[in-house]
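Just so we're on the same page: letters track the sequence lines, and every chain starts at 1. FYI, side chains are in, hydrogens and waters are out, and symmetry mates aren't considered; it's all heavy atoms of this structure. In this text the structure is predicted, and so the values were computed from the model without any measurement.
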Number of protein chains: 2
Amino acid sequence: MAIGRPSPSSSQTPDPGAARRPSRARGIPEATVARLPLYLRALTALSERSVPTVSSEELAAAAGVNSAKLRKDFSYLGSYGTRGVGYDVEYLVYQISRELGLTQDWPVVIVGIGNLGHALANYGGFASRGFRVAALLDADPNVVGSTAAGLPVRHMDELEEIVASQHVSIGVITTPPGAAQQVCDRLVEAGVTSILNFAPTVLTVPDGVDVRKVDLSIELQILAFHEQRKAGDEPAAGDSVLDRAPGPVRAAAAKLRRAAGGKAEQAKTAPAAKGGPDDDLSAVMPA
Amino acid sequence: MAIGRPSPSSSQTPDPGAARRPSRARGIPEATVARLPLYLRALTALSERSVPTVSSEELAAAAGVNSAKLRKDFSYLGSYGTRGVGYDVEYLVYQISRELGLTQDWPVVIVGIGNLGHALANYGGFASRGFRVAALLDADPNVVGSTAAGLPVRHMDELEEIVASQHVSIGVITTPPGAAQQVCDRLVEAGVTSILNFAPTVLTVPDGVDVRKVDLSIELQILAFHEQRKAGDEPAAGDSVLDRAPGPVRAAAAKLRRAAGGKAEQAKTAPAAKGGPDDDLSAVMPA
DNA sequence: CCATCTTTGTGCACACGTTCACAAACGCAT
DNA sequence: ATGCGTTTGTGAACGTGTGCACAAAGATGG
Ligand SMILES: NC(=O)c1ccc[n+]([C@@H]2O[C@H](COP(=O)([O-])OP(=O)(O)OC[C@H]3O[C@@H](n4cnc5c(N)ncnc54)[C@H](O)[C@@H]3O)[C@@H](O)[C@H]2O)c1
Ligand SMILES: NC(=O)c1ccc[n+]([C@@H]2O[C@H](COP(=O)([O-])OP(=O)(O)OC[C@H]3O[C@@H](n4cnc5c(N)ncnc54)[C@H](O)[C@@H]3O)[C@@H](O)[C@H]2O)c1
């Protein structure tokens, strides 16, 4: 069972219309763009095994999608297949790479070289697709000067110079959430126009700047939701009749909730109530 | 500018209909489920500042979505707001937590304690939402026995016992891609029914098992696509007329591509061609 | 050159997700 | 009670994404 991610997923920044972008810049739908890297990975594997051609059915299986979707996706790139035969692997690898902009080199800066920043710096799959770590940056003097994956960690003060001189347009943020917006602003100011954010914060950026986020915690919560659904899915108490009921009853319930007042009480008592989270209310509002 | 991720972001496993799951188990759409953690995070911040109520407009801004979407999302949970006032922060925190299944404890195992596994083990935001690291596992004898974030790294042989005795239903895979499917199979066999996969591989699982993936490389490639679009978006050569042309011309082009044969040549010559990636073909097929 | 078999490319219908816009509900002041 | 300003909850329109199913394109063999 695969869980649908409006892709957002996961990746993983939703909200297609948030910035009034028709999303379909030159005809390639977002959903297709998000799958191209998947196809590319599968094709690269085939290429390494010197497989000359592949059918939509085979490739779709390797990429974990359905073949009609794959064919439609490819149709946005042009007619690169041969009926009765399939797709030429090498040719397709190149076409997709070109479409994704991977035929050029993308220097990237990573800001915040803690646990996660270190792991990313050491990640080999980075360089394999045209992404090159231009610099590792941190604000902590104790971290600056050390090395990670053979690269020196440099101070944030050097950011502007690095971005400008190396034409960096992609930045990765792995700082604590409190520093993320500030770091983001500085990256944007320096000229970065694409940001991959690992900090659990909503980043605000000007038009023209893209943000994608990776949030472990969100992914786990989504899994928990489905897990809960699988295990049991009891009528689940809670969700009291009060809240579904129309008219003055609901209003009274709402009033009570607010009246229950300051924070902790409500948050603690509710989960504690065993027959359902609204027991406390039902006790006050019997009918 | 926010890039749309059919969020499936997100995040980050697309394909809602892949396993014939109507996706809308008890009425809550996947897209909404994926946003609930976002709302929850914003609400938690408000709660810590002792803000009693919040309007859809304010909360939407904090979560980075539009207010109509937020209201519709909440409407799937029930009528928890008060017209003219807004939503009770504490009450909403609890309702969303309950809906996501966060009122209970979720033990999690992490398999593959390398760079990334270490970072995840050290991640504090883990425990903060009811997720508890039940065990760290690895196959490498050199790693087993060491500690990460105060927890001992245990051998894969113990997996089955740990999953069974601690009722673990969520597993995180941070092994190299080559080992991921095998590890996945073993997790599933042991009883895990939700998997978060960091390895760049397509995992195959039986029905009833959920998989979500986090793939840094895919995120960067999507950013690169949009970055390329922003910078220039030149007619981009390539995409030769041959391939758009109908009839025998296209067929001939396809034939030539295949005939060009073994791998390297095609992949290398194409990007090298300066006037466009299909120049090599145009040279052979002038008209 | 024709028949047959395979596989692409796509029109179409439908499902899902987003946004608008507004009536109904509510708090509050008079 | 009544009226007024505010904000929710949702019907309806629209846009995006998915999957079916099939005609047309091409391969292949006679
Ligand atoms: N570790 C994980 O597995 C994990 C998982 C999911 C999300 N995250 C998120 O990723 C981020 C990093 O996590 P981590 O575990 O690596 O944290 P960390 O504390 O180990 O590292 C953070 C680094 O950022 C640096 N930093 C702080 N403020 C800075 C600033 N203003 N400018 C530049 N650098 C600054 C710190 O010096 C530190 O080196 C956090 O936001 C965390 O919530 C981490
Ligand atoms: N490091 C990153 O930032 C990063 C980013 C994106 C994706 N990834 C992916 O995450 C995975 C882990 O990355 P990493 O950098 O931590 O790699 P790593 O090599 O540092 O760690 C992998 C760990 O998995 C263990 N392992 C190998 N086979 C195993 C098996 N069959 N059972 C149990 N454990 C096994 C190894 O002993 C090792 O400790 C890789 O698939 C990588 O592609 C990593």
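- To the nearest angstrom, P of D/dT16 lies 11 Å from OH of A/Y76.
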**Study point:** Trace of the side chain to side chain donor-acceptor pair (under 3.5 Å) decision for B/R98 with B/T103
**Key:** CA-CA 5 Å; B/R98 187 174 54 82; B/T103 52; over 6 Å; no
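- A salt bridge does not link A/D210 to B/R229: none of the charged nitrogens lies less than 4.0 Å from a carboxylate oxygen.
- If you take CG of B/D88 and C1' of D/dT7, they are 15 Å apart, rounded to a whole angstrom.
- Nucleic acid contact for A/F74: none, since no nucleic acid atom lies under 4.0 Å from a heavy atom of the residue.
- Taking atom CG of residue B/L70 and atom C1' of nucleotide C/dC20, one finds them 16 Å apart after rounding to whole Å.
- If you find the closest nucleotide of DNA chain D to B/A68 and to A/T32, the one lying nearer the 5' end belongs to B/A68.
- Of the N and O atoms on the side chains of A/T44 and A/R129, at least one donor lies less than 3.5 Å from an acceptor on the other residue.
- Put simply, the side chain of B/K69 and the base of C/dG17 share no donor and acceptor less than 3.5 Å apart.
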Review point. B/E90 and B/S47: side chain to side chain donor-acceptor pair (under 3.5 Å), yes or no, with the steps?
Key: CA-CA 7 Å; B/E90 295 300 327; B/S47 167; 2.6 Å; yes
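- On a pure distance criterion of 3.5 Å, no polar donor-acceptor pair joins the side chain of A/R83 and the base of C/dT7.
- Summarising the geometry, the separation between CD on B/E57 and P on C/dC20 is reported as 11 Å, rounded to the nearest angstrom.
- Distances shorter than 4.0 Å separate some side-chain N or O of A/S56 from OP1 or OP2 on C/dT8.
- Between the CG atom of B/D73 and the P atom of C/dT19 there is a distance of 11 Å, given to the nearest Å.
- Comparing D/dG17, C/dT19, C/dC26 by their closest approach to the side chain of B/N66 singles out C/dT19.
- We find that CG of B/L92 is positioned 11 Å from P of D/dT8, with the value rounded to whole Å.
- Taking only side-chain nitrogens and oxygens, A/T82 never comes nearer than 4.0 Å to OP1 or OP2 of D/dG26.
- A ring-centre distance under 6.0 Å is found for B/Y80 and B/Y91.
- We find that CD of A/E30 is positioned 12 Å from P of D/dT18, with the value rounded to whole Å.
- The distance from atom OH of B/Y87 to atom P of C/dA25 is 16 Å, rounded to the nearest whole Å.
- Nearest nucleotide to the side chain of B/K72, out of C/dT19, C/dG17, C/dC12: C/dT19.
- Taking only side-chain atoms of B/R71, from C-beta outward, the nucleotide of C/dG17, C/dC22, C/dT18 with the closest atom is C/dC22.
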